[in-house]
Novice: 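Mind looking over this structure? Questions follow.
Order of the sequence lines fixes the chain letters, A, B, ..., with proteins taken first and strands second; residue numbering starts at 1 for each chain.
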Protein chains: 2
Amino acid sequence: MNLKQLSAHLKLSQTTVSRALNGYPEVSEATRQRVMKAARDLQYSPNLRAKSLATGRTQAIGHVLPISKQHEMVNPIFGDFISGAGQTYSRAGYEIVISLVGDDDEEAAYRNIRMRGSVDGIIVHGPRMKDPRIPLLKELGLPFVVHGRASQIDTPYSWLDTNNLRAFTRATEFLLDLGHRRIGLVNGLEFMDFAHRRREGYTAALTARGLTADPALMRSGEMTEIYGFRSAQEMLAGSDTPTAFLVSSMIAALGVRRAIHDAGLEMGRDVSVITHDDDLGYLRNGHDVPIFTATRSSVRAAGTGAAEMLLKLIREPGHAPLTQMMEAELIIGTSTGPARR
Amino acid sequence: MNLKQLSAHLKLSQTTVSRALNGYPEVSEATRQRVMKAARDLQYSPNLRAKSLATGRTQAIGHVLPISKQHEMVNPIFGDFISGAGQTYSRAGYEIVISLVGDDDEEAAYRNIRMRGSVDGIIVHGPRMKDPRIPLLKELGLPFVVHGRASQIDTPYSWLDTNNLRAFTRATEFLLDLGHRRIGLVNGLEFMDFAHRRREGYTAALTARGLTADPALMRSGEMTEIYGFRSAQEMLAGSDTPTAFLVSSMIAALGVRRAIHDAGLEMGRDVSVITHDDDLGYLRNGHDVPIFTATRSSVRAAGTGAAEMLLKLIREPGHAPLTQMMEAELIIGTSTGPARR
DNA sequence: TTGAAAGCGCTACCAC
DNA sequence: GTGGTAGCGCTTTCAA
């Protein structure tokens with residue numbers, strides 16, 4: 001069932017039917033009702049491609065996921081982020097288009113997205129420091145919102161970010177307050193902006209107490225379980241071993257926990273662990289030490305927030321860049337305790 | 001830059017340029033080269049919406065994610081699956097369109113996808129038992145591949161699935177061989193087909209040894225960490241406590257591990273755990289007991305496989321349904337040991 | 001081997 | 001308040 005058939009059925013012009021369906025004012029209420037009813041009964045649903053071609057708008061948002069040619073893994077938070085964003089989009093009648101872009105042909109990929117004209121705006125994932133995509137997208141004139149930020153980019157752009165600097169500063173301070181002095185940092189790849197900021201927070205907290213960050217206690221890598229395992233194992237094998245770990249991801253933390261266990265140590269007693277973690281709300285009950293977390297629901301909320309920002313930018317071309325900072329939560333857990341040594 | 005401009009620039013008709021670009025044979029080689037070069041130089045990239053309108057094909061694949069109105073979480077494996085599928089799509093020039101569909105308005109949602117005509121085919125995620133989407137999609141005549149299967153659907157359809165039945169049978173047998181008799185099952189929601197099959201495997205292995213599955217040792221729920229925690233805590237609080245757990249997801253297993261720890265027990269000695277887990281390959285080194293796993297790379301492979309099946313179905317309309325079974329891996333870990341009691 | 005022109009389904013301008 | 005019609009950018013007959 002297309003517009004032509006529907007309007008023939010109603011004995012009205014396509015123009016009128018189109019207007020009735022799209023809420024234009026110059027249609028009589030009676031006609032509108034009749035059209036709406038027929039559309040429902042006949043299960044009419046407009047061809048979005050044709051609509052897009054006619055209007056120039058596509059009613060679709062692009063989510064561009066950077067995929068490293070080396071590991072090809074998608075950031076596991078993506079599912080939750082898109083679930084949050086999706087609610088906003090579908091309410092507004094937008095589709096979601098995913099593009100996976102390798103790190104080799106980035107510029108061409110973004111130019112293509114622009115030229116193909118299949119999206120009205122873009123959410124940029126996984127920003128790196130000095131990310132070249134930001135000036136590129138500004139040049140292309142496609143509305144975009146960055147999930148995260150890109151340091152050392154001086155022109156303004158729209159972003160929504162978690163306050164990673166502050167989160168890691170607080171987590172480090174917390175461990176220092178518990179008496180820890182040797183704190184291992186198991187961080188993400190530090191050309192990624194979020195990981196860079198996390199390390200900044202970590203070192204800032206140490207420096208504020210007159211301590212210097214020991215390079216032997218810092219690791220940067222793709223956050224897999226084996227990476228967490230190896231990193232913790234190496235640090236625990238040294239002479240002046242850490243009494244606590246600050247871990248940038250739940251997955252890597254799994255490996256860290258395993259390494260602690262294998263070393264014959266007990267979490268929360270011999271070694272403390274603070275990690276971005278998931279669904280730990282239950283630990284509020286009956287335990288008494290904090291764990292730093294980015295919950296799944298906060299990631300969903302970030303998705304919703306970013307989507308709303310982008311839709312606003314699309315609706316109001318020329319609008320000034322929007323920014324939003326989200327604070328991370330601290331909740332209570334058992335993996336963290338006072339330093340023993 | 002569009003076709004019109006490009007052909008004007010080349011002083012050729014749109015027809016010829018289009019033919020040259022799309023590999024039609026009736027274009028002279030010289031012309032084709034000239035066109036190709038100009039297209040590259042001028043960064044021409046066809047408007048997919050217009051192409052789609054003209055051809056009837058959309059060059060896009062829909063991935064439909066069921067979202068429960070209660071929890072609204074996306075299955076965490078989705079990211080890896082889409083990453084695998086995406087490689088195949090982009091090589092073939094297809095875009096990915098994501099639709100989030102709540103469990104309330106499913107039929108309408110799928111009909112809409114059909115009518116809007118924005119995809120050439122669909123990957124169905126999260127199939128339930130007797131899933132009504134399968135007959136619906138057959139009726140709609142849209143090519144589709146199910147990631148997983150739907151029990152009690154008798155008409156043939158295309159699917160790609162992990163052998164969950166066999167995986168959980170083997171894992172249970174393995175624990176039984178180690179002397180375990182009280183094995184807790186922390187399973188997913190059992191209206192989901194994969195969870196149903198996993199329980200079947202678990203009970204089949206027990207039955208084959210003359211044991212009966214104890215309802216007190218079986219849990220079914222959405223696989224969050226707190227769910228794993230509570231499930232294990234309850235079972236460990238009983239009188240005849242389990243000596244092993246079979247856990248359907250890594251996230252839930254985190255909670256199970258924590259409950260074991262909180263109960264003052266040690267994993268692999270007092271209580272064994274077998275779980276679908278991630279990146280545990282490193283445990284092959286120096287350890288000696290198996291852990292059942294669905295690795296991230298196997299999920300990627302599933303995505304690739306499903307995408308290839310779907311493209312084949314799209315290219316050859318009327319092709320008979322395709323099916324593919326993937327076997328789960330067993331690798332070596334430390335969480336599992338012989339029964340102590 | 002190349003080109004002119006119709007048409008995919010819709011919107012939006014201009015008349016009435 | 002309603003309708004005719006010219007495109008949106010591309011493919012695909014049909015003719016040359």
Novice: Identify whether any heavy atom of B:T31 sits under 4.0 Å from a base atom; if not, whether one sits that close to sugar-phosphate; answer base, sugar-phosphate or nothing.
Specialist: sugar-phosphate
Novice: Just jot down the side chain to side chain contact (heavy atoms under 4.5 Å, CB included) partners of A:R114, sequence neighbours excluded, or say none.
Specialist: A:L140, A:L142
Novice: Expressed in angstrom and rounded to an integer, what is the separation of B:L10 atom CG from C:dG3 atom C1'?
Specialist: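 Distance check: B:L10 CG to C:dG3 C1' gives 15 Å.
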Novice: By side chain to side chain donor-acceptor pair (under 3.5 Å), which residues pair with B:T16, not counting sequence neighbours?
Specialist: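 Expected list: B:S13.
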Novice: Give A:R57 one of three labels, base, sugar-phosphate or nothing, depending on what nucleic acid heavy atoms sit under 4.0 Å from its own.
Specialist: sugar-phosphate
Novice: Please list all pairs passing the side chain to side chain donor-acceptor pair (under 3.5 Å) test where one or both residues lie in residues 127-140 of chain B, with sequence neighbours left out.
Specialist: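 Found B:E106-B:R128, B:Y110-B:R133, B:R111-B:E139, B:D131-B:R133.
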Novice: Measure the OG-NZ distance between B:S18 and B:K51 for me, rounded to the nearest 0.5 Å.
Specialist: 7.5 Å
Novice: Classify the side-chain pair B:S45/A:R116 by whether it contains a donor and acceptor separated by less than 3.5 Å.
Specialist: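 No - no donor-acceptor pair under 3.5 Å links their side chains.
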Novice: Could you check how far OH of B:Y24 sits from P of C:dG3, rounded to whole Å?
Specialist: 17 Å
Novice: Looking at OG of B:S7 and CG of B:L21, how far apart are the two atoms once the value is rounded to the nearest 0.5 Å?
Specialist: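 Here the interatomic distance stands at 10.5 Å.
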Novice: With distance as the sole test, does B:D120 use its side chain to make a donor-acceptor pair with the main-chain N or O of B:T58 at under 3.5 Å?
Specialist: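 Looks like yes, one N/O pair under 3.5 Å.
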Novice: Classify the ring geometry between B:F81 and B:H63 as parallel (under 30°), tilted (30 to 60°) or perpendicular (over 60°).
Specialist: perpendicular
Novice: Through what angle, rounded to 10 degrees, does the axis of the helix from C:dT1-D:dA16 to C:dC16-D:dG1 turn between its ends, using five pairs per end?
Specialist: 40°
Novice: So if I define the base as every atom that isn't primed, P, OP1 or OP2, how would nucleotides 4-10 of chain C read as a B/S/- string at a heavy-atom cutoff under 4.0 Å?
Specialist: BB-BBBB
Novice: Which distance, rounded to the nearest 0.5 Å, do you find between the OG of A:S90 and the CD1 of A:I96?
Specialist: 7.5 Å
Novice: Does one side chain, of A:Y44 or A:H9, offer a donor that lies under 3.5 Å from an acceptor on the other?
Specialist: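 Judged by distance alone, the side chains do not pair up.
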Novice: Reading DNA chain D 5' to 3', which nucleotide is the first, and which the last, to come under 4.0 Å of any heavy atom in chain B?
Specialist: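 First and last nucleotides in contact are D:dG9 to D:dT13.
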